[in-house]
Amino acid sequence: MHEQNGLTTMNSNPVTPRFTASGIPTTYYNLFADACLPQEPALDPDTHAPVAPEKMAALFPAGLLEQEMGSDAHVPIAEDILEAYAMFRPTPLRRAVAFERALGTRCQIYYKYEGASPVGSHKLNTALAQAYYNAREGVRRLATETGAGQWGTALAYSCQRFGLSCSVYMVNVSYHQKPFRRTMMELYGASVYASPSQQTAFGCTFARQNPAHHGSLGIAISEAIEDAVTHPGTKYALGSVLNHVLLHQSVIGQEAIRQMDDLGAFPDVVIGCHGGGSNFAGIAFPFLRHKLDGRSLRIIAAEPASCPTLTRGTYRFDHGDTAKMTPLMKMYTLGADFVPDPIHAGGLRYHGAAPQVSALLAQGLVEAQAFPQTATFDAGRLFAAAEGIVPAPESSHAIAAAIQAARAADAEGRTQRILFNLSGHGLLDLASYGDYLAGRLTAAGGPDRQAVNPAMRAETSGL
Ligand SMILES: *Cc1c(COP(=O)(O)O)cnc(C)c1O
C-alpha cells in the first residue's frame with residue numbers, strides 16, 4: 001500500500017530526475033528552487049547588507065557562485081564530472097538484514113553507502129565538482145580546511161584529477177589522531193598543514209600562544225581563506241554548509257529514491273548525520289520534495305551531544321569561521337568562537353549548520369537529535385559486527401538515530417522502513433575504535449540529550 005502511494009507520487013511528479021544508463025543522476029537537484037522555499041541572503045560582515053557577488057568571486061569561481069545563488073530546480077552535471085562519478089556511482093543501497101536481526105527489530109533498515117567512494121566518503125561528490133569548476137576558470141591552486149580529513153582527502157584527489165595544486169589546513173587534533181589521512185592527501189599530491197599553522201598570520205596568533213592548540217574547523221577555515229585571498233591563482237573550497245555543496249550532494253538522495261523504488265519500498269524515516277549539513281541534505285532534500293507533496297515522512301539529522309548545533313544552538317546570523325572573515329549566514333549556531341571537545345567524529349565538530357538545513361529545521365520540516373559519543377560507537381560496533389562495514393564515527397551518529405527510531409517503532413508496535421545515509425567508512429578511524437574497545441572513550445558532551453524537540457530548543461538556546 002505504502003509502495004503504491006510512493007510509486008504513484010514519483011511517477012506523477014513532473015520533476016522526476018533523469019539518470020544515465022548506469023543509474024547516475026544527470027542533474028543536481030535544488031529543493032529550494034523547486035519548492036520555492038525562501039532563503040535569507042548571506043550578509044557582508046562589514047556592511048551587513050546582502051553580500052555582493054564580486055566579493056565572493058575572490059574565493060569561488062563563477063560557475064560555483066552561479067550554483068550558490070541558483071534558481072533552477074535541476075542543474076545539469078558536466079560530462080567530465082559525470083565521468084568521474086562513474087568511478088563509484090551509483091553507490092550501493094542495501095537493506096541491513098543482519099543488522100535488523102542483531103537489533104531484533106521488526107522494522108526494515110536500509111542504508112545508502114557513500115563509503116564506497118574511492119576516498120571513503122560522500123565528500124567526493126562535491127570535491128570533484130568544485131575542482132572541475134575551478135580548473136575550468138583557470139585557477140591553479142585550491143586552499144581548504146579539513147576536520148577529520150575526509151574533505152581534504154576528497155579535494156586532494158579531485159585537484160589532482162583536474163590538474164590543480166591543493167593546500168589543506170587540517171585541524172590539529174585530527175592531524176595527530178588520523179595520520180593516515182594526511183598520508184592519503186600527500187599521496188594525492190596535496191600539501192598538508194596542522195591548523196593552527198605557521199603558514200598564515202591568523203594561524204600564527206594561535207600557534208604562538210599554544211602550540212598544542214586542538215584547533216577547530218572555524219580556525220582552519222580562516223587560515224584557508226587567508227591563504228586564498230593572499231595568493232594569486234588560488235581560490236578557496238568549502239566541503240559543506242554552502243548551497244552549492246548541498247546541491248552537489250543531491251546525487252545521493254536522487255539515487256536513493258530510485259534504488260528504494262527498485263526494492264519496492266519508500267522510507268518512513270530518512271536519517272543523516274549532521275556536521276555542516278551536506279550528507280544529510282544530500283540524502284534528505286530529494287525525499288523532502290515528497291514530504292512537501294503530502295507524504296508522511298520523518299527526516300532526522302543526527303549530531304554529537306558535544307557539538308549540538310541543531311539541538312542547542314540559536315537560529316541567527318553568524319560567521320562561518322573564527323576570524324569572522326566569511327559572510328554572515330542565517331543558521332543554527334553555537335557561536336563562531338565555539339571550540340568543541342576533541343571527539344573522534346571530527347567531521348561533526350562545526351559550530352554552525354547549512355543555512356538551508358537550518359531554515360527547514362526552523363520550519364519543523366526536519367528534526368534533529370543529539371547523541372553522546374559512546375552511544376554512537378556502540379551503534380557503530382553493532383553495525384560493523386552485523387554488516388561487516390566499519391562505519392565512520394560521523395556516520396555512526398546516523399546509525400544511533402536509526403536504532404532509536406527502530407526501538408521507538410517496535411515499542412509502539414509499528415513496522416517502519418528506516419533509511420540512513422552511511423556517509424563514509426571508518427577504516428582510517430580504527431585508532432578511535434581501538435580507544436573505544438579499550439574503554440578509553442568518554443561520552444564527551446555529558447548527559448544524553450536525545451530527541452530535543454523544537455519547543456525545547458527555543459528554551460535552551462545558547463551554550
Ligand atoms: C565530513 C563528513 C561528515 C559531516 O559533514 P556533513 O557536511 O554534515 O555531511 C559526515 N560523515 C562523513 C563520513 C564525513 O566525511
Side-chain angles (χ1 to χ4, degrees), residues 91 111-127 130 144-157 168 170-171 174 177-178 181 184-185 217 220-221 237-253 271-285 300-304 307-310 320 331-332 340 343-358 360-361 366 368 370-371 376 379-380 383 389-401 420-429 432:
T91 57
Y111 63 95
K112 174 76 167 155
Y113 188 39
E114 290 297 304
S117 95
V119 302
S121 81
H122 69 288
K123 296 272 181 11
L124 198 54
N125 299 326
T126 185
Q130 293 192 41
T144 197
E145 73 290 332
T146 195
Q150 289 107 330
W151 167 241
T153 314
L155 194 70
Y157 172 76
V168 182
M170 184 170 188
V171 176
S174 299
Q177 274 175 355
K178 303 183 176 178
R181 279 281 166 198
M184 224 171 145
M185 289 185 260
L217 270 179
I221 291 172
L238 187 64
S240 186
V241 178
L242 299 178
N243 298 343
H244 68 265
V245 180
L246 274 52
L247 181 78
H248 302 150
Q249 295 297 354
S250 67
V251 292
I252 303 172
I271 298 168
C273 67
H274 190 283
S278 74
N279 90 85
F280 169 72
I283 191 144
F285 285 10
I300 302 170
E303 67 179 5
C307 191
T309 311
L310 299 175
M331 61 182 179
Y332 281 90
I343 55 165
H344 286 282
L348 306 184
R349 293 176 75 239
Y350 185 60
H351 69 272
Q356 290 189 337
V357 172
S358 297
L360 296 170
L361 180 67
V366 303
F371 296 89
T376 65
F383 187 83
I389 295 173
V390 180
E394 290 85 358
S395 313
S396 292
H397 289 70
I399 302 175
F420 71 87
N421 193 26
L422 186 42
S423 53
H425 69 63
L427 292 177
L428 294 174
D429 303 281
S432 52

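Values in this document were obtained by computation on a predicted structure and should not be read as measured data. Ligands are counted one by one from 1 in listed order, and the atoms in each one are counted from 1 as well.
- Residue L348 touches ligand 1 through its side chain alone, judged by heavy-atom distances below 4.0 Å.
- Between atom 14 (C) of ligand 1 and the options H274, K123, E303, H425, the minimum heavy-atom separation is to K123.
- Nearest non-hydrogen protein atom to atom 4 (C) of ligand 1 is G347 O, 3.4 Å.
- For atom 13 (C) of ligand 1, the closest non-hydrogen atom on the protein side is S423 OG, 3.3 Å.
- Between the side chains of N279 and E394, no donor-acceptor pair is found at a separation under 3.5 Å.
- Distances from ligand 1 to the non-hydrogen atoms of H122 include at least one value under 4.0 Å.
- Any N or O atom pair closer than 3.5 Å counts here, and G275 shares at least one such pair with ligand 1.
- Donor-acceptor pairing under 3.5 Å is recorded for the side chains of S278 and H122.
- Side-chain atoms of P118 and L124, non-hydrogen and from C-beta on, do get closer than 4.5 Å to each other.
- Nearest heavy atoms, Y157 versus V119: CB-CG1, 4.1 Å.
- Summary of contacts: the protein heavy atom closest to atom 7 (O) of ligand 1 is S240 OG, 2.5 Å.
- Considering both main-chain and side-chain atoms, F280 never comes within under 3.5 Å of ligand 1 through any nitrogen or oxygen pair.
- With K178 contributing its side chain and D429 its backbone, the two residues share no donor-acceptor pair below 3.5 Å.
- Ligand 1 has a nitrogen or oxygen under 3.5 angstrom from a nitrogen or oxygen of S278.
- A distance of 8.0 Å separates CH2 in W151 from CD in E145, rounded to the nearest 0.5 Å.
- At under 3.5 Å, a nitrogen or oxygen of G277, whether backbone or side chain, sits near a nitrogen or oxygen of ligand 1.
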